[in-house]
Amino acid sequence: MSADNARIGEMFDRLADLLEIEDANPFRIRAYRNGAQTVREHPRSMADLIIEEKDLKELPGIGKDLAEKIRAIVETGRLPALEEVEARTPGVLSDLMKIPGLGPKKVKALYKELNIRSVADLRTAAREQRIRGLPGFAARTEEQILRRTEKFSVEERRFNLLEAEQIKNPLMEWMEKLDGLSQLIVAGSFRRRKETVGDLDLLVTARRNTPVMEHFTGYEEIAEVVSRGTTRSTVRLVSGMQVDLRLVPKTSYGAALHYFTGSKTHNIAIRKMGVKRKLKVNEYGMFRGDKQIGGRTERAVYGLFDMPYIEPELREFRGEIEAALENRLPRLVGPKAIHGDMLCYATDARSTSALAKRAVEREYEWLGVCFDSEGGLDRKQIITWRRALDRTGQRLGIELLLIGEAAIAKDGSIVADQELLSEFDLVAVVVRDGMHLDHGAQTRRLLRALENPHVKLLTSPTGRVIGRYPGMDYDLKRVLAFAAERECMVGLDARPDRLDLSDEACRLAKEVGATVAICSHARTPDELDNLRFGLDQARRGWLERGDLVNTRNSGVIRGQFPD
DNA sequence: GCCGTTTTCGGCCCGACTGTTTTCAGTCG
């Protein structure tokens with residue numbers, strides 16, 4: 001996802017906000033929002049598409065007008081339509097709309113009546129109690145505004161999957177204490193295993209008269225109960241995570257699960273298919289006219305359209321519906337099919353043994369082990385490691401592969417004694433510095449590194465850290481294709497704060513025929529569990545058994561990438 | 001502003017919850 005796309009999306013959203021304040025045609029506003037989402041979620045940058053003379057009108061929600069506006073932004077960095085609106089209505093007002101509880105109407109009133117333009121203005125006015133008394137604002141609203149602007153900075157935070165699980169697990173334990181609960185599941189992007197999660201969507205069915213909402217809002221980690229009704233409640237936890245809970249009848253459970261799992265664009269596509277067949281699909285069920293014809297199970301939603309079940313990880317409206325209709329959905333890999341982990345780090349015989357032992361418990365047949373070495377390494381050291389691995393492997397009944405990891409220099413050469421490289425079972429390379437090189441130089445650097453015949457694995461391919469560093473800028477497709485040609489594996493760094501490759505990059509790897517190796521990068525036995533986040537990502541990237549080296553048995557593995 | 005196997009006009013998701021209201025508008029997902 002390029003910064004440019006994010007900027008285009010932001011401009012469209014801002015325009016939509018201001019038009020909303022001006023009370024413009026709501027469908028026109030939505031068109032801008034849809035366009036913003038399409039652009040933001042597109043894997044390629046709009047600038048690239050324009051260079052390649054692709055027709056932007058092919059993108060969903062982009063027509064003649066938006067295509068021209070995108071082109072204008074890419075070429076000039078400006079959106080004249082936005083500037084025109086900003087001449088009438090200050091652009092910063094759109095920041096106010098991000099505060100929960102403030103929508104276009106309230107923001108407009110605050111601006112017109114009190115000339116409030118910024119969050120700072122708003123706080124001052126609230127403290128001075130100038131807001132109460134405005135039509136539609138009472139003392140309570142004013143207090144709420146003050147409270148919510150205080151927390152404004154934390155509200156936007158997204159959590160990685162590990163953080164989300166650590167918040168979710170104790171909450172689920174709390175909910176399960178409730179007598180009368182039948183079904184309890186987390187839907188939303190968490191269920192789709194998206195790499196970051198903004199909130200948790202709990203879906204619940206229960207026996208009649210079960211005090212679900214009372215129990216839920218009694219959870220001790222709650223910082224604020226945002227709303228509480230009979231079928232829906234929203235809370236914000238101390239951690240900053242927002243949690244929505246929805247109570248649905250059992251006859252709607254499947255439909256609701258589908259609806260609240262999303263993604264939104266996937267749901268819209270499904271709903272549209274329903275409309276064509278004169279069927280209504282919503283969170284309550286599937287209907288022909290007024291008659292409910294399904295809703296208990298999620299599978300039935302897809303069955304309605306003669307489609308096979310689409311796994312949550314695939315529901316991003318990236319071709320999964322067409323694939324399902326044509327019966328060519330990928331067969332996603334489950335945890336049982338995983339026989340090994342390509343990369344963990346040991347420091348000595350003892351840590352090797354601890355990692356290997358855990359790997360055996362996880363029913364792995366093989367494990368790639370890399371030794372952290374200080375400074376250069378020598379033949380003697382390698383022999384020591386090899387011995388430790390062989391002994392431990394035999395004792396525990398697991399094949400341990402000796403991985404040598406070397407850095408890629410800025411010129412693409414491998415920083416290591418070339419003769420020693422052949423002593424390893426497998427040589428992995430990684431970019432440790434010079435991540436800022438420009439597109440061309442970085443591409444050349446990686447291609448050159450892969451030319452080295454010893455190199456069999458490229459780890460942490462983009463170097464990204466989720467939410468902190470977007471990753472190196474280079475021609476990923478070209479590098480992946482070259483890796484495929486050279487029979488060099490591409491690592492999927494499974495650490496939950498990295499997940500490097502992205503889901504889209506996994507698809508790209510599959511497209512060019514590169515073999516992906518999920519790597520936990522564990523330094524402790526517990527961290528071997530990171531692998532499952534990598535597997536989630538691989539599933540989101542449509543990878544199948546044959547695309548992943550982790551599904552292969554020992555024996556096959558050593559001969560797989562001969563030196 | 002977008003879209004089209006009812007195609008160039010006339011649709012576009014809508015129900016739950018809140019707060020202030022006295023019958024409902026605004027916001028959210």
Establish, yes or no, whether the cationic atom of R193(A) lies under 6.0 Å from the six-membered ring centre of F190(A) and within 45° of the ring axis.
yes
Separation of dC17(B) atom C1' from R140(A) atom CZ, nearest Å, is 12 Å
Between CD of E142(A) and P of dT20(B) the distance, given in whole Å, is 11 Å
Heavy-atom side-chain proximity of T261(A) to E298(A) below 4.5 angstrom: yes
To the nearest angstrom, the CD-P distance between E22(A) and dG1(B) comes to 13 Å
Sorted by chain and number, sequence neighbours left out, side-chain hydrogen bond (donor to acceptor under 3.5 Å, both in side chains) with E83(A) holds for R78(A)
Spacing of the C1' atoms in dT21(B) and dG26(B) (rounded, Å)
12 Å
In B/S/- notation (B base, S sugar-phosphate only, - none; protein heavy atoms under 4.0 Å), nucleotides 22-29 of chain B written 5' to 3' is ----SSSS
Which pairs of donor and acceptor atoms, one on a side chain in residues 226-235 of chain A, lie under 3.5 Å apart (sequence neighbours left out)?
unit_1	atom_1	unit_2	atom_2	d
R228(A)	NH1	T217(A)	OG1	3.2
S233(A)	OG	G229(A)	N	3.4
T234(A)	OG1	D244(A)	OD1	2.9

Any strand, both distances under 3.5 Å, Watson-Crick or G-U wobble: dT8(B) pairs with none
In whole angstroms, the gap separating C1' of dC12(B) from CG of N25(A) amounts to 10 Å
Roughly how far apart, to the nearest Å, are dC28(B) and dT22(B) at atom P? 23 Å
* Asked: If you measure from the P atom in dG15(B) to the same atom in dT5(B), how many Å do you get, rounded?
  -> 26 Å
Sugar-phosphate, base or nothing in reach of S233(A), heavy atoms under 4.0 Å = nothing
Smallest heavy-atom separation, R117(A) atom then D121(A) atom, equals N-OD2, 2.9 Å
Within residues 294-314 of chain A, those residues having any heavy atom closer than 4.0 Å to DNA chain B are none
Rounded to whole Å, CD1 of I268(A) lies from P of dC2(B) at a distance of 16 Å
- Within-4.5 Å side-chain heavy-atom neighbours: V39(A) and I70(A): yes
Between CZ of R228(A) and P of dA16(B) the distance, given in whole Å, is 18 Å
Of D65(A) and S227(A), the one whose closest nucleotide on DNA chain B sits nearer the 5' end is D65(A)
Sticking with atom C1', work out how far dC9(B) lies from dA16(B), rounded to a whole angstrom. 33 Å
So the salt bridge (charged side-chain N to carboxylate O under 4.0 Å, His left out) pairs with at least one residue in residues 48-57 of chain A (sequence neighbours excluded) are R44(A)-D48(A), R44(A)-E52(A), E52(A)-K54(A), D55(A)-K57(A)
Item to complete: Please determine if a side-chain N or O atom of T141(A) lies less than 4.0 Å away from the OP1 or OP2 oxygen of dT20(B).
Response: yes
Residues passing the side-chain hydrogen bond (donor to acceptor under 3.5 Å, both in side chains) test with E326(A), sequence neighbours excluded, are R328(A)
Hits for side chain to side chain contact (heavy atoms under 4.5 Å, CB included) against P104(A), two or more places apart or cross-chain, chain-then-number order -> E20(A), I21(A), M97(A)
Measuring only the C1' atom in each nucleotide, how far is dC12(B) from dT7(B)? A whole number of Å is fine. 15 Å
Residues at least two apart in sequence or cross-chain that pass side chain to side chain contact (heavy atoms under 4.5 Å, CB included) with P60(A), listed by chain then number, are T38(A), F317(A)
On a whole-Å scale, what distance lies between the P atoms belonging to dT18(B) and dG11(B)? 34 Å
Whole-Å P distance, dC3(B) and dC13(B) | 13 Å
Donor-acceptor pair, side chain of S252(A) and main chain of Y284(A), under 3.5 angstrom: yes
dT8(B) and dG1(B), which share atom name C1', separated by this distance in whole Å:
15 Å
Here the residues of residues 52-64 of chain A within 4.0 Å heavy-atom distance, strictly under, of DNA chain B are L59(A), P60(A), G61(A), I62(A), G63(A), K64(A)
Check this for me: does any side-chain nitrogen of one of E511(A) and K477(A) sit under 4.0 Å from a carboxylate oxygen of the other?
yes
Among the nucleotides dC12(B), dC2(B), dA16(B), whichever has the atom closest to the side chain of Y284(A) is dA16(B)
Sorted by number, residues from residues 66-76 of chain A placing a heavy atom under 4.0 Å from DNA chain B are L66(A), K69(A)
Between CG of N34(A) and P of dG1(B) the distance, given in whole Å, is 14 Å
Where do N or O atoms of nucleotides 4-10 of chain B meet protein N or O atoms at under 3.5 Å, pair by pair?
unit_1	atom_1	unit_2	atom_2	d
dT6(B)	O4	K278(A)	NZ	3.2

Look only at the side chain of D500(A) and the backbone of G463(A), and say whether a donor-acceptor pair between them is shorter than 3.5 Å.
-> yes
Sorted by chain and residue number, the side chain to side chain contact (heavy atoms under 4.5 Å, CB included) partners of D529(A) (sequence neighbours excluded) come out as R362(A), R532(A)
task = Flag this pair as yes if the NZ/CZ of R132(A) is under 6.0 angstrom from the six-membered ring centre of F137(A) and inside a 45 degree cone about the axis; otherwise no.
result = no
Among the nucleotides dC17(B), dG19(B), dC2(B), whichever has the atom closest to the side chain of A31(A) is dC2(B)
Taking for R28(A) and for Q144(A) the nucleotide of DNA chain B with the nearest heavy atom, the one nearer the 5' end belongs to R28(A)
I29(A) CD1 to dG1(B) C1', in whole Å, measures 11 Å
With a sphere of 6.0 Å drawn around CD of E220(A), does it hold more than 12 non-hydrogen atoms of other residues, nucleotides or ligands? no
Side chain to side chain contact (heavy atoms under 4.5 Å, CB included) with D503(A): of R539(A), E313(A), E316(A), Q537(A), only one passes, and it is Q537(A)
Measuring only between side-chain heavy atoms, which start at C-beta, is Y302(A) closer than 4.5 Å to H258(A)?
yes
